[in-house]
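Side chains are part of it too, since the values below use all heavy atoms of this structure and drop only hydrogens, waters and symmetry mates. Sequential numbering from 1 along the given sequence is applied to the chain's residues.
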Amino acid sequence: MTDLMKWFDSRRSPMDVIERLFEGEMGSSAIRVEEMVDGNTLVVRAELPGIDPEKDVDVTVTDGVLSIRAERQEKTEHKDKDSYRSEFRYGSFVRRLPLPSGVQQGDVTASYKDGVLEVRAPLPDQQEVASASKIPISRG
């Protein structure tokens, strides 16, 4: 039930929820991520073991949404004198995360080490983010 509640995060649109259903994000094939703020930087870490980041991973930012796409292809073969066994596993995965307002696309960086993709997005200063202000109401 807690996994289901994650789908209805208030930052996500109904279309995003539907896309996530069809992409199978709840299943074991989803990209697992953790988000945290380190000083004035949003840090997103994604588990992507056994993947070549240069060939199999795309990181993009579009309309304030960080997208991580990955593709995995694995094949193992075991040959013995009297037997042969082959297994394969493949699939493509995507994870989309809304970025805080004011994050600049050109400032986002990504690195990969030991099976973990790390994306860093500097957060804007609080003064740069438009704050809400009360509008006076005049009587007509």
Donor-acceptor pair, side chain of Y112 and main chain of I51, under 3.5 angstrom: yes

Kindly write out the residues that satisfy side chain to side chain donor-acceptor pair (under 3.5 Å) with E54, not counting sequence neighbours, or none if the list is empty. none

Set of residues satisfying salt bridge (charged side-chain N to carboxylate O under 4.0 Å, His left out) with respect to E77, sequence neighbours excluded: none

Are the side chains of S67 and V59 in contact, using a 4.5 Å heavy-atom criterion? no

D107 and P122: which non-hydrogen atoms are nearest, and at how many Å? O-CD, 3.3 Å

Taking the side chain as everything from C-beta on, heavy atoms only, tell me whether I68 gets closer than 4.5 Å to V94. no

E71: side chain to side chain contact (heavy atoms under 4.5 Å, CB included) partners, not counting sequence neighbours: Q73, S92

Would one find more than 12 heavy atoms of other residues, nucleotides or ligands at under 6.0 Å from atom CG of D63? no

Donor-acceptor contacts, no H, no angles, side chain residues 36-50, under 3.5 Å, sequence neighbours left out:
from : atom 1 : to   : atom 2 : distance (Å)
D38  : OD2    : R120 : NH2    : 3.3
R45  : NE     : E118 : OE1    : 2.9
R45  : NH1    : E34  : OE2    : 3.4
R45  : NH2    : E118 : OE1    : 3.3

For Y84, which residues count as a ring pair (Phe, Tyr, Trp, His ring centres under 6.0 Å) partner, sequence neighbours excluded? none

How many angstroms lie between CD in E35 and CG in L66, if you round to the nearest 0.5 Å? 8.5 Å

If the condition is side chain to side chain contact (heavy atoms under 4.5 Å, CB included), which residues does D58 pass it with, not counting sequence neighbours? R69

To the nearest 0.5 Å, how far apart are CG in D52 and CZ in R72? 12.5 Å

For S101 and P124, the nearest pair of non-hydrogen atoms, with its separation, is O-CG, 3.5 Å

Side chains of P100 and L123, heavy atoms from C-beta outward: is any pair under 4.5 Å? yes

Which of these passes side-chain contact (heavy atoms from CB on, under 4.5 Å) with Q105: T60, T62, V61? V61

Hydrophobic cluster membership, V65 vs V119, 4.5 Å side-chain cutoff: no

